[in-house]
Q: 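First the structure, which I've put down as structure tokens, then a few questions once you've had a look.
Both backbone and side-chain heavy atoms feed into the values below; hydrogens, waters and symmetry mates do not. In the text below, chain A, chain B and the rest are named by the order of the sequence lines, each starting its count at 1.
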Number of protein chains: 2
Amino acid sequence: MDNYSKFKEITNKWKLLVAADIVAFSFQERQLKVLLVKRKYEPGVGQWAIPGGFVREDESLEESALRELKEETGLAKDCYLEQLYTFGEVTRDPRGRVISVAYMVLINEPEKLKLKASDDATDAQWFSVDDLPPLSFGSAHRKILEYARQRLHWKLEYSNVAFSLLGAHFTLTELQRLYESVYNEKLDKRNFRKKILSLDLVDPVDKVSSELGRPAQLYNARTKKLKIYTRIV
Amino acid sequence: MDNYSKFKEITNKWKLLVAADIVAFSFQERQLKVLLVKRKYEPGVGQWAIPGGFVREDESLEESALRELKEETGLAKDCYLEQLYTFGEVTRDPRGRVISVAYMVLINEPEKLKLKASDDATDAQWFSVDDLPPLSFGSAHRKILEYARQRLHWKLEYSNVAFSLLGAHFTLTELQRLYESVYNEKLDKRNFRKKILSLDLVDPVDKVSSELGRPAQLYNARTKKLKIYTRIV
DNA sequence: CTAATAGTGTCTTTGAGACAGTATACT
DNA sequence: AGTATACTGTCTCAAAGACACTATTAG
């Protein structure tokens, strides 16, 4: 037996299942929402869970995450994708040892997506982060969600990533509501606008919104490319 | 065949090799150092590389990282351990598909460690981060090191983690040198001390250092437990 | 004119950063 | 005396945060 075959023989028994799990956030009805799917198979049939699946030999972790997401949502084109953390406790998954690489995805126009059943799920739905159903894989998935929320909070403070949760045009009030729902606290309108405008994050567009009350100036993001600042809001 | 066996059969072919790679930092001779090992086996025999190894079925990722480190350094008791990132491009490792979970470890009293050969390495040595030898796994390991340095930089700015790189007692000048070597820039002595002291990060101890020149007050960290601040230095 | 939302400016306080001279120990 | 290092305080400027009224639209 040559060295390589020997190596393979030895290492084969060390191979582990690797899953990519996705926390997909969106901002709808003034609330931060997260995408959950209803599991089709054991363990936890019929329960809600974070979408995810096993990473295949011929795809990268990112490709795997996006593939899973696509299966659930039809598509998520040019959405923001960020690796969160890799969970690898020995007893996480009742099926055996699974390494779970968690990703966060920000969806900017969730209304346009057609949520649908997939190979692994009978249903997919947006839930308000403050009103989640019981989760399959109980504490493990809850931990991932908690971690994702923290990361999102931090990222809003220090980067322009908020725009990845908004459509092409938005009002400053909408932007503020997004911050408020992620921070879970009220912000001062004048200070908020002062800060956003002073950072040159947005440009006014030649349109106004058509809601109740006085129409609001619409803006677009100067860039959706991620930029890190020392502090935003 | 029952469902579970079927599941196993299906998922077995999806199993992947998972490695834990460790970037171990220390602060010696006024410089930030990183631990590298000389590889005993292919690929890259005789070249320097980041220590690491495959994660086994019955150990968590952290346990695996610490085990590898222990094999190289004899021991690393109560050192700071933080997961950095998981690298999973398809073509990373010449041996085939490997998922690499990178960890950062901070060693506080490196002089006390006895570096030694291990099962996987013929040698282990500290290198100044600004003067690294050619690395096995070339760009992949260099990328991990770069990432680790950035993370360490960020962490020094926003937390008290610096103390995990220092011994029980240290002078403020030593602490400043540590910051300077990680930031790669000179800091103002008065502003630095003002900031550190105002944050109540350290307590003076009843000793002075015995170097050349005027003896310096020694301090110890009020706590080594990680605390995140809005900004340190 | 009422309800609903958009938009705007000032003051205070805090912290960052620039900056240079004195003190202590050893030889 | 000379050298090497420790230690200390003030001023300026920018940004954070507290705070309340006017403007525009639809009904």
Side-chain angles (χ1 to χ4, degrees), chain A residues 27 29-31 153-154 156-160 162 166 169-181 183-220 227-233, chain B residues 29-31 153-154 156-160 166 169-181 183-220 227-233:
Chain A
F27 185 62
E29 301 146 23
R30 296 188 174 187
Q31 285 196 307
H153 185 124
W154 185 89
L156 283 199
E157 273 185 24
Y158 291 99
S159 82
N160 60 346
L166 296 172
H169 302 319
F170 50 85
T171 68
L172 292 184
T173 303
E174 278 163 15
L175 183 61
Q176 186 178 342
R177 297 244 190 284
L178 168 53
Y179 271 89
E180 286 174 341
S181 75
Y183 285 18
N184 207 19
E185 72 185 60
K186 283 275 173 202
L187 300 175
D188 180 85
K189 188 196 253 196
R190 288 161 294 184
N191 292 339
F192 181 83
R193 295 161 102 92
K194 202 197 312 177
K195 194 69 200 282
I196 297 293
L197 294 173
S198 75
L199 285 170
D200 285 326
L201 295 172
V202 296
D203 292 311
V205 296
D206 196 21
K207 277 192 200 163
V208 289
S209 76
S210 50
E211 303 287 317
L212 189 58
R214 170 173 171 179
Q217 176 65 242
L218 285 168
Y219 292 83
N220 62 18
K227 282 193 195 175
I228 306 290
Y229 299 85
T230 54
R231 184 67 171 289
I232 306 279
V233 174
Chain B
E29 300 146 23
R30 297 187 173 188
Q31 284 195 306
H153 184 126
W154 184 90
L156 283 198
E157 273 186 25
Y158 291 98
S159 83
N160 60 347
L166 296 171
H169 301 319
F170 49 85
T171 67
L172 292 185
T173 303
E174 277 162 16
L175 182 61
Q176 184 177 342
R177 296 242 191 286
L178 169 53
Y179 271 88
E180 286 175 338
S181 74
Y183 285 18
N184 206 19
E185 72 185 59
K186 282 275 171 200
L187 300 175
D188 180 86
K189 186 193 251 191
R190 286 161 296 181
N191 292 340
F192 181 84
R193 294 162 102 91
K194 203 198 309 176
K195 193 69 199 286
I196 297 294
L197 293 173
S198 75
L199 285 169
D200 285 325
L201 296 172
V202 295
D203 292 312
V205 297
D206 197 21
K207 277 192 201 164
V208 289
S209 76
S210 51
E211 303 289 316
L212 189 59
R214 172 175 169 179
Q217 176 65 240
L218 284 168
Y219 292 83
N220 62 18
K227 283 192 192 176
I228 305 288
Y229 299 84
T230 55
R231 184 68 172 287
I232 306 280
V233 174

Q: Considering only heavy atoms from C-beta outward, does the side chain of Tyr219(A) approach that of Thr171(A) to under 4.5 Å?
A: no
Q: Please tell me if Lys195(B) has a side-chain N or O lying less than 4.0 Å from either OP1 or OP2 of dG15(C).
A: no
Q: Could you state the atom-to-atom distance from NZ of Lys207(B) to C1' of dA6(D) in whole Å?
A: 19 Å
Q: Nearest heavy-atom pair of His169(B) and Asn220(B): which atoms, and what distance?
A: ND1-CB, 4.0 Å
Q: What's the CD1-P distance between Ile232(B) and dG15(C), to the nearest Å?
A: 13 Å
Q: Using a cut-off of 6.0 Å, state whether more than 12 heavy atoms not belonging to Arg231(A) lie near its atom CZ.
A: yes
Q: Rounded to the nearest Å, what distance is computed from the CG atom of residue Leu199(B) to the C1' atom of nucleotide dG15(C)?
A: 11 Å
Q: How many whole angstroms separate atom CZ of Arg231(A) from atom C1' of dT14(C)?
A: 14 Å
Q: Shortest non-hydrogen contact from Phe27(A) to Glu174(A)?
A: CE2-O, 3.9 Å
Q: Gln217(A) near the nucleic acid: base, sugar-phosphate alone, or nothing, with a heavy-atom cut-off under 4.0 Å?
A: sugar-phosphate
Q: Do Ser181(B) side-chain atoms and Leu178(B) backbone N/O form a donor-acceptor pair below 3.5 Å?
A: yes
Q: Between Lys207(B) (side chain) and Gln217(B) (backbone), is there a donor-acceptor pair under 3.5 Å?
A: no
Q: On DNA chain C, check which nucleotide each of Val233(B) and Arg177(A) is closest to and give me the residue with the more 5' one.
A: Arg177(A)
Q: Taking atom P of dA16(C) as reference, at what distance in whole Å does atom OH of Tyr183(B) sit?
A: 12 Å
Q: Give a yes or no answer on whether the side chain of Asn160(B) reaches the backbone of Lys227(B) with a donor-acceptor pair at less than 3.5 Å.
A: yes
Q: Starting at NZ of Lys194(A) and ending at C1' of dA14(D), how long is that distance when rounded to a whole Å?
A: 12 Å
Q: Please report the end-to-end axis angle for the helix from dC1(C)-dG27(D) to dT27(C)-dA1(D), five pairs per end, rounded to 10 degrees.
A: 10°
Q: With the side chain counted from C-beta on, respond yes when Leu187(B) and Glu185(B) share a heavy-atom pair under 4.5 Å apart, and no when they do not.
A: yes
Q: Using a cut-off of 4.0 Å on non-hydrogen atoms, how would the nucleic acid contact of Thr173(B) be classed: base, sugar-phosphate, or nothing?
A: sugar-phosphate
Q: Measuring from the side chain of Leu212(B) (C-beta onward, heavy atoms only), which nucleotide among dT5(D), dG7(C), dA16(D) has the closest atom?
A: dT5(D)
Q: In Å, rounded to the nearest 0.5 Å, how long is the span from OG of Ser209(B) to CZ of Phe170(B)?
A: 12.5 Å
Q: Within residues 184-193 of chain A, which residues have any heavy atom lying less than 4.0 Å from an atom of DNA chain D?
A: Asp188(A), Arg190(A), Asn191(A)
Q: Specify the separation, in whole Å, of atom CD of Glu211(B) and atom C1' of dA25(C).
A: 13 Å
Q: Do Arg214(B) and dA6(D) share a donor-acceptor pair, side chain to base, under 3.5 Å?
A: yes
Q: Whole angstroms only, please: what is the CG-P distance between Leu197(A) and dA16(D)?
A: 14 Å
